[in-house]
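First up is the structure itself, then whatever we jot down about it.
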Amino acid sequence: MSAKRLGWTVGATTAQIDSVKTTICQTALLCVLCHSIAVGQAQTPDSSRDSVRVPRLDTVVVTPARSATTVRTSTVAVSVLPGALVRELPVRSIPAALVVAPGVAVIDANSVGGSPRVIVRGFYGGGETDYLPALIDGVPTAALGSGAVDWDVLTRRSVGRLELVRGGSSYIHGDAAPGGALDLVTGALPALAWRVDGGAYGLRSASAGTGYDRNSQHLNLDFDHLSSAGYRAHEARSASTLNARLAHNGANRSITALASTHTRTFDDPGPLPSTTDDRRAANAFFRFDRATEQLHRAGVTVAQDIGDATASGYLVGEYASGNTVKTLPLSPDFGDTKLRRTRAPRLMGSTQLRVGDDSPGWKGRLVTGVDLSLGKLESRYADVASGTSADYSAADGAAGALGPWSSARRDALGAFVYWQVRPMSAVRVSLSTRLDHLRDAFNPSDAAAPATTTSQQAISPRAAVNVALPALATETTNLYVSTGRVFKAATLDQLFDERAIPIPVPPFSTTVSNSSLVPQRGTATEAGFYQTWRAGASNHLDLSGAVYRQRMRDELDFDVASFRYINIGRSLHRGVELGGTFTNSWSIVLASIARQDVLAEAGQFNGRQLKAIPRRIAAVGADFHAWRGFNVGVLANSLGGAFIDDENTRPLSAYTRIDARLGVPIGFARVTLDAMNVFDRRYDATAFPDPAGSGINYRYPAAGRVFIVGLESKQ
């Protein structure tokens, strides 16, 4: 499971299977209608559509083994989304597009889609951390202190393709990868690409990118800005990102210099008590909550061919800072609000060597390397408000005197080796292992208190096999099975955060952090298939499926009795996933469905489903290009079967959401009309119970139907 902080665990929804089926049928009929219209209007294939739109099973990926392999020959569940498709779908963030991948649920605490949270195979951080490492060209992006991903850093304009590995990936990516790994692989930009749009609730965005080639050098510049006033009161947010990449590609060597700067500011209206009827209201205890964060990065990546071997690596430095006013709702009538200032410099590096290739024989392909991360998190707190609603009404939101700095360091070193061999032409066997060593050091803000130093180690071995069945002229099938170990270490915030929690009023206090936490560990086994059918020159159907079983122990959780993070219990993650992609010269349809169970295996809730995890996940995404450049994009996803409490007595209604886009070419540009939440569904995206046990639920209402009009360059 995931860390859950003071009840901030968020639930997807459950209920009424019949309603879900009805809406899925509506989505299917809508896709069929769009398909029929496109068939009737398309006179010739749209030659402007680049083949990068089509995510086929012979697509080359690098994330599963940190070296080039095709999707169908991998020994894990892999999904690929081309950047062109991501930009055609009616989505406003990278995670929103991931719902078309099997076994992925995306919920959003922001009513209009500004705070996505990704659940993969039942692993969910509740907004406090992430169990899916997000990488950009192989470089990690998660925050040093919390392990949470700022998804605004992953801009849609820069995407060449998204590679999503589902399932335990500690064998190759180390810490925080029990759910999988996501890598945004950047692509070359055209000479000029841009988009602006605007819609209800102050939704605005603007992006622009340019690519410049000269001899063996290529320069990419892209800018992205998003803002919203919010559907709910006190929900304004904005984010801006500027990326630059300069690549020099020689005959045997490539060097890329990269730099980026990112800032975001957002107000937090807080969870809405179930006793409040106004869906657009803000929680009165959260009226001061606001965060401003900045992230600056610069670095270099290098790849060098050495005979039949390739050496590659990166060195990236970053500096992150933040000013965050955050409230903890300790009960329906008592809250505590504090200002936290943080600064976090970090240096990340990696080097690896690939030897051999994928030819049949016993030589095989060997990939070995070392990852390094050196980071320091400094933080200090100031009181803003605390007490009852009357106390908050009288407060002015001014912060008190800031306390002294505390300092936490994390030095992480990981070494890995991956060997794949083909003893027979149709059989690929891979053996791999990774050793991670983490050393943490903490200097508290109280100079008289002792400093602490701890270290943890984890070994993540894995064995897998992929078998290609005899191929027919129109059909290709691959089967795979794998087993290995995974782990996730506690974050620096979970270990050392000094935020004092009054119980029930000062001077009595505690902290939620716990320096004795140990990493979560588990064993993951899965089996799956990749299947392709071809009908004619352009019709192409790819199917993939997987069954998995993953046991975890020493779960990181929040214990209300002791009011702190602890290692507690064991859990079982198991499920079945099925996904399909149909493509031809002018359309692409992606669909997925998954059933998953995430069960506690110890304690008083043994056999119960872990809260916040949906059991049923279904999604459909489609992009139809019709006559004279018209296109229709549809995205629908359905979540159900989650509980918001450990006792499994408080379900939320399942919901299905459908978004659509119509694109109309006009001269040198294209006009788009997005309808988000087409059928105006009223639902709560997430919820959690009152940690004080009052029986009140806290929920995050989603906005109803939203229209957005955009203007963009032709791709």
Output side-chain donor-acceptor pairs under 3.5 Å for residues 247-260, partner residues at least two apart or in another chain, one line each.
residue	atom	partner	partner atom	Å
H248	ND1	S216	OG	3.4
R253	NE	Q304	OE1	2.5
R253	NH2	Q304	OE1	3.2

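Among R341, R340, R343, R346, the one residue that satisfies the salt bridge (Lys or Arg N to Asp or Glu O under 4.0 Å) test with E378 is R343. Under the salt bridge (Lys or Arg N to Asp or Glu O under 4.0 Å) rule, R92 has a single partner from D108, D152, D197, which is D197.
No donor-acceptor distance shorter than 3.5 angstrom exists from the side chain of S240 to the backbone of H225, with no hydrogens or angles considered. Within the 3.5 Å criterion, the main-chain N or O of R121 finds no donor-acceptor partner in the side chain of Q550. Between the side chain of R156 and the main chain of V91, a donor-acceptor pair closer than 3.5 Å is present. No donor-acceptor pair closer than 3.5 Å links the side chain of S321 to the backbone N or O of A344. Side chain of Q217 to backbone of R214: no donor-acceptor contact under 3.5 angstrom is found. For the pair T69 (side chain) and S74 (backbone), a donor-acceptor distance under 3.5 Å is absent. E526 contributes no side-chain N or O that, together with a main-chain N or O of G167, makes up a donor-acceptor pair within less than 3.5 Å. Side-chain N or O atoms of T210 include one that pairs as donor or acceptor with a backbone N or O of A191 at under 3.5 Å. Of the possible donor and acceptor atoms, none in the side chain of T324 sits under 3.5 Å from a partner among the backbone N and O of K326. Looking at S146, its side chain never comes within 3.5 Å of a backbone N or O of A143 through a donor-acceptor pair.
By the salt bridge (Lys or Arg N to Asp or Glu O under 4.0 Å) test, D183 pairs with no residue at all, sequence neighbours left out. Applying the salt bridge (Lys or Arg N to Asp or Glu O under 4.0 Å) criterion to R290, with sequence neighbours excluded, gives D267. Evaluation of the side chain to side chain donor-acceptor pair (under 3.5 Å) rule for N220 yields H218 as partners, not counting sequence neighbours. By the side chain to side chain contact (heavy atoms under 4.5 Å, CB included) test, D436 is found to be paired with R434, L438, F487, residues two or more places apart in sequence or in another chain being considered. Every residue meeting the salt bridge (Lys or Arg N to Asp or Glu O under 4.0 Å) condition with R409, not counting sequence neighbours, appears here in chain and number order: D411. Residues passing the side chain to side chain donor-acceptor pair (under 3.5 Å) test with S544, sequence neighbours excluded: none. D440 is linked by a side chain to side chain contact (heavy atoms under 4.5 Å, CB included) to R410, T454, L492, L495, F496, counting only residues two or more places apart in sequence or in another chain. With sequence neighbours excluded, the residues satisfying side chain to side chain contact (heavy atoms under 4.5 Å, CB included) with S430 are T75, Y418, Q420, R462, A464. Applying the ring-ring contact (aromatic ring centres under 6.0 Å, His included) test to Y480 and every residue at least two apart in sequence or in another chain returns Y530.
Put simply, the side chain of H173 does not reach to within 4.5 Å of the side chain of V165, judged on heavy atoms. Taking the side chain as every heavy atom from C-beta outward, R195 and T672 approach each other to under 4.5 Å. Taking the side chain as every heavy atom from C-beta outward, W151 and S93 never approach each other to under 4.5 Å. Using a 4.5 Å cut-off on side-chain heavy atoms (C-beta onward), P614 and Q596 make contact. Within the 4.5 Å cutoff, no side-chain heavy atoms of N637 are placed close to those of V106. Within the 4.5 Å cutoff, the side chain of M676 has no heavy atoms near those of the L203 side chain. Contact of the L132 side chain with the L164 side chain is registered, since non-hydrogen atoms from C-beta on lie closer than 4.5 Å. Residues I136 and V153 form a side-chain contact, since some pair of their non-hydrogen atoms from C-beta on lies under 4.5 Å apart.
Pairing each heavy atom of A181 with each of S169, the nearest pair is N-OG, 4.1 Å. Nearest heavy-atom pair across P64 and V61 is CD-CG2, 3.9 Å. The shortest heavy-atom contact between V118 and P95 is CG2-CB, 3.8 Å. For the pair V367 and S67, the tightest heavy-atom approach, listed with the atom from each and the gap, is CG2-OG, 3.6 Å. Among all heavy-atom pairs drawn from E318 and R297, the shortest one is OE1-NE, 2.8 Å. Here the shortest heavy-atom pairing between G145 and T491 reads O-CB, 3.3 Å.
Between the CZ atom of F416 and the OG1 atom of T433 there is a distance of 12.0 Å, given to the nearest 0.5 Å. Going from atom CG of D150 over to atom NE2 of H262 covers 3.5 Å, rounded to the nearest 0.5 Å. To the nearest 0.5 Å, atoms CZ (R157) and OG1 (T186) are separated by 14.0 Å. Interatomic distance, CE of M348 versus CG of L374, reported as 10.5 Å (0.5 Å rounding). With rounding to the nearest 0.5 angstrom, the OG atom of S158 is 8.5 Å from the CZ atom of R245. Here the straight-line distance linking atom OG1 of T342 with atom CG of D497 works out to 10.5 Å at 0.5 Å rounding.
For residues 61-79, every residue pair satisfying the salt bridge (charged side-chain N to carboxylate O under 4.0 Å, His left out) rule, not counting sequence neighbours, is listed here: R66-D371. Among residues at least two apart or in separate chains, salt bridge (charged side-chain N to carboxylate O under 4.0 Å, His left out) pairs with a member in residues 163-176 are R161-E163, R166-E577.
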Determine whether V120 and Y131 satisfy the following criterion, side-chain contact (heavy atoms from CB on, under 4.5 Å), listing intermediate values before the conclusion.
CA-CA 8 Å; V120 182; Y131 285 67; over 6 Å; no

Go through it in stages, so that I can follow the logic: the residues are L162 and L98, the test is side-chain contact (heavy atoms from CB on, under 4.5 Å), and I'd like the CA-CA distance, side-chain angles, deciding distance and then a yes or no.
CA-CA 9 Å; L162 298 175; L98 298 180; 4.1 Å; yes

Report the C-alpha separation of K376 and S407 in whole Å, then their side-chain angles, then the decisive distance to 0.1 Å, and conclude whether the side-chain contact (heavy atoms from CB on, under 4.5 Å) test is met.
CA-CA 7 Å; K376 181 180 181 180; S407 173; 3.1 Å; yes

May I have the step-by-step check of side-chain contact (heavy atoms from CB on, under 4.5 Å) for D674 and D659, ending in yes or no?
CA-CA 7 Å; D674 292 357; D659 304 320; over 6 Å; no

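At most 12 non-hydrogen atoms from other residues, nucleotides or ligands lie less than 6.0 angstrom from CD1 of I459.
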